[in-house]
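Being a predicted model, the structure only gives us computed values, none of them experimental. Excluded from the calculations below are hydrogen atoms, water molecules and symmetry mates; all remaining heavy atoms, backbone and side chain alike, are included. Counting from 1, the numbers follow the sequence of the chain as shown.
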Amino acid sequence: MSNGAPSPKMGKEDRRVFVNLEGTPGLGCSICGGPAYKPGVFVKNIKPGSIAEEIGLKLGDQFLDVNGINLIHADYGEAISALKGSKQLTITVRPQEGEELFKDVTMPKKSIHLDNEPQDPEERRAEREELERLRQIAIDREKKRQKKETEERIHQSALAKLKQRQEELQRLREAEEKKKQEEEQQSKLQKRKSEEDDEEISRQLEQELLNLSLTQQKIDDEKKQESRKRKESRTQAQRRESERMEKQTQQELDRLSEHDKKRRKELELQQKLEEQKRAQQEKEERMRIHRLQQEAKESEREIQREQQWLSQEAEKDLRKPNLIPSPPKTYMSPSAAQGVRRTPSRIGQDKLSPEKFDPASLFTKPQIAGREIRMIKIKKEKDTDLGVTVEGGIDSVLGGKVIITEVWEGGLAHKHGGLYKGDQIMNCNGRTMLDIKLARAQEILREEMKATGDSVTLVIAVAPPKAYEDEVKKLTHTLATGDIQEEPISEHPTWILKDDIQVTII
């Protein structure tokens with residue numbers, strides 16, 4: 001007889017014994033099952049003078065198989081049947097494999113006797129109760145072990161992700177610092193080269209002025225000589241020659257003076273252009289540094305949100321009665337519990353319990369800001385868009401909100417009737433719409449509309465159009481007192497920042 005499991009391999013210390021129980025009361029020992037972490041059948045007690053004592057069985061010996069039946073993973077009923085079902089037994093024994101088990105207070109106080117004497121019903125009932133108690137103790141131990149492993153795994157995963165994010169942020173900062181140093185060095189080299197060029201131009205100008213002075217002095221000397229000659233000789237020929245020379249000299253002086261003026265204007269224009277270029281470069285550098293700082297802050301906020309989310313999910317898993325970790329949940333309305341597509345980017349949508357879900361629990365009080373949080377499900381239609389226009393985003397004056405500015409007639413949102421101008425979209429099919437750029441928010445809406453599934457689920461913060469327009473006007477007025485000037489609210493509001501930089505929300 002075999003239970004289908006192969007017989008275990010014998011170790012060096014294992015031994016095989018042959019027992020004939022014909023005409024005997026039984027093997028003369030008590031056995032019990034091991035706990036869940038060490039399954040098997042073990043010798044609990046041996047009667048003095050019994051066959052078990054004669055064949056050398058001792059406390060804690062493990063029965064590996066009996067007559068070819070594997071007892072390591074067999075249930076307790078199969079083990080008892082195998083030991084009591086035949087008078088000829090071939091037993092493979094592993095000496096004292098479970099000796100330490102009998103030092104544990106959780107081992108049974110009563111054992112199963114392998115004698116052929118009939119057992120009292122009370123003893124059998126007590127035996128079953130003891131076995132059930134052992135089984136429950138083993139289950140509790142296994143649950144505790146699984147719970148500890150789950151907590152450790154969640155903790156290690158959170159630490160690994162946090163460390164990875166911190167390393168990425170450090171690499172980004174180092175790259176930014178290195179690039180900044182290179183640009184500063186390049187700027188210094190350009191400035192030094194410009195100064196050297198200015199010095200060279202100044203030297204050339206001084207040389208030209210010196211040459212002009214020498215020429216002027218030479219001409220003056222010639223004039224004096226010619227004057228002396230004119231005084232010495234009053235002939236008409238000499239006078240004509242003198243006039244010709246004077247005229248030629250005057251022309252030369254005029255030409256040199258005009259060239260000098262032109263050269264000065266060119267130098268002044270070149271210096272002005274260089275100053276404008278340096279000012280433009282400094283302005284671009286300030287804008288680039290500001291943009292890099294904003295990106296670094298965005299990365300830090302993303303790490304903080306992910307760390308907070310991991311901590312919340314770990315606390316939820318620890319409070320659950322079951323020990324098998326479930327993936328984080330994405331919340332949706334009861335009507336959206338069916339038909340939502342499942343992809344790796346979704347967070348446990350198939351584990352959602354919509355009857356107990358409150359969409360406001362997804363967000364903090366500052367994010368809700370006293371508004372009503374709703375979850376709506378919009379059914380998709382072929383060749384029909386959602387039909388809404390949104391604005392805002394983390395890089396806008398709306399502070400990271402994605403706001404509906406228009407609901408177009410004929411679109412899915414207009415047919416549904418649950419979306420209005422001024423509502424804030426906070427979640428789309430389990431994907432957050434908070435503190436992201438406007439382009440990313442538009443991309444998420446397009447992806448979810450094109451995704452498989454017959455509907456899209458949105459979590460919105462309700463805000464009437466009047467309240468939305470008042471909020472935009474108030475924000476614009478507040479910013480106007482600082483670095484932003486207010487312009488009238490129009491279909492596409494525009495704010496003029498410092499350095500003539502315009503920001504338009506579309």
Side-chain angles (χ1 to χ4, degrees), residues 298 301-302 305-306 308-309 312-313 327-354 357-364 367-369 371-382 384-396 398-408 411-463 468 505-506:
E298 181 179 356
R301 286 196 296 269
E302 183 66 20
R305 287 195 300 271
E306 185 169 357
Q308 183 181 4
W309 176 83
Q312 292 175 355
E313 291 302 317
K329 295 183 178 181
T330 298
Y331 301 100
M332 62 185 73
S333 66
S335 61
Q338 302 292 333
V340 178
R341 70 188 184 101
R342 300 177 183 177
T343 65
S345 62
R346 300 298 177 270
I347 310 175
Q349 291 179 348
D350 52 337
K351 300 292 183 181
L352 186 62
S353 177
F357 171 61
D358 178 15
S361 63
L362 288 171
F363 313 103
T364 62
Q367 291 173 340
I368 296 174
R371 297 171 294 178
E372 179 184 0
I373 304 299
R374 295 181 184 174
M375 178 178 287
I376 63 174
K377 178 180 178 182
I378 300 177
K379 188 175 181 181
K380 297 180 182 178
E381 294 181 8
K382 186 176 181 181
T384 304
D385 295 329
L386 185 60
V388 297
T389 301
V390 297
E391 69 180 26
I394 194 170
D395 50 357
S396 73
L398 294 179
K401 299 179 182 179
V402 178
I403 304 297
I404 297 175
T405 58
E406 193 64 40
V407 179
W408 300 101
L412 296 178
H414 182 266
K415 293 180 180 179
H416 181 274
L419 294 177
Y420 296 91
K421 180 178 179 181
D423 290 349
Q424 178 186 354
I425 302 178
M426 306 183 75
N427 192 289
C428 178
N429 273 4
R431 303 173 70 175
T432 182
M433 301 286 282
L434 300 175
D435 296 329
I436 61 176
K437 293 185 177 181
L438 178 61
R440 179 57 182 161
Q442 295 171 343
E443 182 182 359
I444 290 175
L445 291 174
R446 285 194 295 269
E447 288 176 356
E448 297 304 323
M449 288 301 298
K450 293 179 181 179
T452 58
D454 58 354
S455 63
V456 60
T457 302
L458 301 176
V459 178
I460 64 171
V462 178
Y468 162 71
I505 299 179
I506 59 173

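Scored by the side chain to side chain donor-acceptor pair (under 3.5 Å) test, E372 finds R374 as partners (sequence neighbours excluded). When the side chain to side chain donor-acceptor pair (under 3.5 Å) test is applied to R440, the partners found at least two apart in sequence or on another chain are E443.
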Intermediate values then yes/no, side chain to side chain contact (heavy atoms under 4.5 Å, CB included), D423 and I403: CA-CA 6 Å; D423 290 349; I403 304 297; over 6 Å; no
Applying salt bridge (charged side-chain N to carboxylate O under 4.0 Å, His left out) to K401 and D435, what does each step give before you reach the verdict? CA-CA 7 Å; K401 299 179 182 179; D435 296 329; over 6 Å; no
When you look at M426 and I373, which way does the side chain to side chain contact (heavy atoms under 4.5 Å, CB included) test go after all the steps? CA-CA 9 Å; M426 306 183 75; I373 304 299; 3.8 Å; yes
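Atoms CD and CD, from E447 and Q442 in turn, are 12.0 Å apart once rounded to the nearest 0.5 Å. The CD1 atom of I444 sits 5.5 Å away from atom CE of M433, with the distance rounded to the nearest 0.5 Å. Distance check, rounded to the nearest 0.5 Å: CG of L386 to CG of L445 gives 6.5 Å. Once rounded to the nearest 0.5 Å, the distance linking CD1 of I394 with CG of L438 reads 12.0 Å. A distance of 12.0 Å separates CH2 of W408 from NE2 of H414, quoted to the nearest 0.5 Å. Expressed to the nearest 0.5 Å, how far CG of D454 lies from CD of E381 amounts to 11.5 Å.
Between the side chain of D358 and the backbone N or O of A360 there is at least one donor-acceptor pair closer than 3.5 Å.
With a 4.5 Å cut-off on side-chain heavy atoms, V459 and I425 do not count as touching. Residues C428 and V456 have side chains in contact (heavy-atom distance under 4.5 Å, counting atoms from C-beta outward). At a threshold of 4.5 Å between non-hydrogen side-chain atoms, the residues I404 and T389 do not count as touching.
Atom NZ of K379 has 12 or fewer neighbouring heavy atoms from other residues, nucleotides or ligands inside a 6.0 Å radius.
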